[in-house]
Number of protein chains: 2
Amino acid sequence: MGSFAEDTINGSELIHPPILTQVLGRSLGAGGQLGVKRIDLRPQQRLVRAPAHDRQVLMVGEGVLSLDALPGKGQRQILDFLMAGDVIPLSAIQFLPTISVRALTKATLVCTGDQDEDECNLRDMRNSRDQLQSQLQRAHLQQLLVGHMDAEARVASFVFAFALRVGADAQTRSSLELPMSRDDMADYLAMNRDTLSRVMMRFETQLLIARLNRHAIRVLNFEGLRQLSPVASLIAAILGRHEKSGATA
Amino acid sequence: MGSFAEDTINGSELIHPPILTQVLGRSLGAGGQLGVKRIDLRPQQRLVRAPAHDRQVLMVGEGVLSLDALPGKGQRQILDFLMAGDVIPLSAIQFLPTISVRALTKATLVCTGDQDEDECNLRDMRNSRDQLQSQLQRAHLQQLLVGHMDAEARVASFVFAFALRVGADAQTRSSLELPMSRDDMADYLAMNRDTLSRVMMRFETQLLIARLNRHAIRVLNFEGLRQLSPVASLIAAILGRHEKSGATA
DNA sequence: CGGCCCGTTGAGGCAAGTCAATCCACGTGG
DNA sequence: CCACGTGGATTGACTTGCCTCAACGGGCCG
């Protein structure tokens, strides 16, 4: 097998020799799999040469990734963050060289659905369709964010949404991991790194959040954040009630 | 059957008695359909009470619709324009009351996939998955537009993309129908109606386009528009090569 | 012919971007 | 253990593109 991943060093990309790629065989729950590949990624490593087969499904096992669009000229727009259970939108990166997937943390991907027979394919397909719908909803949400909200509301919405996404309830006072850099966050919210920093600082002086370290905050006033986000109810509707049955028993 | 549509009058919405809703029976190509409903919409009419059944597929027969997000407070973001062959993203509007579908022109929708048996469902499912992927790609494109491009580039990209979407080649010098109002266009591009107007005027003085009437322009300099759009190649990749086989023979 | 809606134009202000300097956390080596 | 280097993060001063608001124009329909 060739390599599926590459590192990036400030935009210039180095192709690496084969990465730890294990074939797990018929071990996962859904029977009849011909083979389930695993791909491990280090932080900042990019996924390249995605499996070309149309029916394959590439899913995030653990870690956090970002879906980057790089329309050249030093610009970057992060289209989505991908977390455990999310499906990599192969259609987006397959023939669009300006869009790629990057690992923010150490991450593992699992690849299923090799066989071209149908039957149990239906389950895979339904699952991937649901995943596509979720991603479309998140994209819509982000269109709203970037389209009609100011910097403060965007950041509040993002923190609110991310907290919901990693499963924190409104009660949860524990720390919230933000595995992406400030630049990543800014590029996702389509704003300037400086502006983002200002807003975060303002939130801290308002005692809405507390910064634990570079990659973790504590949400002190969840309700306050919610009120700063005009689309909080939408976010809750989209991200709130995902009772997923993780099939990998 | 109840009504599926309602009119809107400047935001306040009037529910209407049943609209022309025909049951076409087993007439379409893919055999075994239990029934294919048709829904006719007048301009500015909204789709409400979308078919609740999960496996149904609601598709645009003719006309142009918009997917609106209305997060209250007089704000509006148009998430996407839907044209013949596009599938209505039911997942988006089903339980999110702030998102709805509106007809820009006289439009007809067709509703397929009633049966809960699989088999031929696979074809529907694959088709709707492809549609979802297209919509996701368009959403990504729009995130790029709104995120990292100024007003001029946004408008140029929009005209360029819309021309490709309705099937115009670079050579086509014919008129380009823009069935949406200036407000619609502005709300899609996440910019001000005034700013949009200014940009359009500038394009006209630069002889890039010519305004035929309120809802149609002629593209005089396709190449010039392309060069004004930093994501022109992406747009072409996403919208260019759709050789769809319209199954409704 | 008059009203209305949509679209265009102009003047002015502000939120956010830009650029540059500084600060801080963190790892490294003396 | 501390000085140092490095890259990310914060802050400040300045600039600007777009939004706001208000007035105007021009088709379209009664």
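A note on names: the letters A, B, ... follow the listed sequences, proteins ahead of strands, and every chain is numbered from 1.
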Item to check | Check: A:E204 and A:I217 side chains under 4.5 Å, non-hydrogen atoms | outcome: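 SC-SC contact between A:I217 and A:E204 ruled out.
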Would you call [X] and [Y] a salt bridge, using N to O less than 4.0 angstrom?
X	Y	value
A:R193	A:D184	no
A:R46	A:D68	yes
B:D183	B:R76	no
B:R165	B:D86	yes
A:D40	A:R38	yes

[N] [atom2] sits how many Å from [X] [atom1], rounded?
X	N	atom1	atom2	answer
A:R214	D:dG7	CZ	P	12 Å
A:Q75	C:dT18	CD	C1'	14 Å
B:R182	D:dG27	CZ	P	14 Å
A:I217	D:dT10	CD1	C1'	17 Å
A:L212	C:dC26	CG	P	12 Å
B:N192	C:dG12	CG	C1'	14 Å
B:H215	D:dG27	NE2	P	14 Å
A:M191	C:dT18	CE	P	13 Å

Checklist entry - For C:dC6, does OP1 or OP2 lie under 4.0 Å from any side-chain N or O of B:R193? => result no
Checklist entry - OP1 or OP2 of C:dA25 less than 4.0 angstrom from a side-chain nitrogen or oxygen of A:N213, does that happen here? => result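 No, because none of the side-chain N or O atoms of A:N213 sits under 4.0 Å from OP1 or OP2 of C:dA25.
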Next on the checklist: Let's see if you get this right: which residues in residues 195-211 of chain A place a heavy atom under 4.0 Å from DNA chain C?
Outcome noted: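 By residue number: A:T195, A:R198.
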Item to check | Residues in contact with DNA chain C, drawn from residues 146-157 of chain A - heavy-atom cutoff 4.0 Å | outcome: A:D150, A:A151
Checklist entry - Has the side chain of B:Q77 got a donor or acceptor atom that lies under 3.5 Å from a matching backbone atom of A:G147? => result no
Checklist outcome for this item: Tested for side-chain contact (heavy atoms from CB on, under 4.5 Å) against A:R138, the lone hit among A:L79, A:I235, A:D80 is A:D80
Checklist entry - Does any donor-acceptor pair link the side chain of A:D194 with the base of C:dC19 at a separation under 3.5 Å? => result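 Such a pair is found, so the answer is yes.
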Checklist entry - Between the axis at one end of the helix from C:dC1-D:dG30 to C:dG30-D:dC1 and the axis at the other (five pairs apiece), what's the angle to 10 degrees? => result 30°
Checklist entry - How far does CZ of B:F222 sit from CZ of B:F160, to the nearest 0.5 angstrom? => result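 Answer rounded to 0.5 Å: 5.0 Å.
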Checklist entry - Under 30°, 30 to 60°, or over 60°: which ring-plane class applies to A:F81 and A:Y188, parallel, tilted or perpendicular? => result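 Because their plane-to-plane angle lies in the 30° to 60° range, the rings of A:F81 and A:Y188 count as tilted.
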Next on the checklist: side chain to side chain contact (heavy atoms under 4.5 Å, CB included), that's the test. Do A:M185 and A:L196 meet it? Break it down for me.
Outcome noted: CA-CA 8 Å; A:M185 214 185 297; A:L196 173 62; 3.7 Å; yes
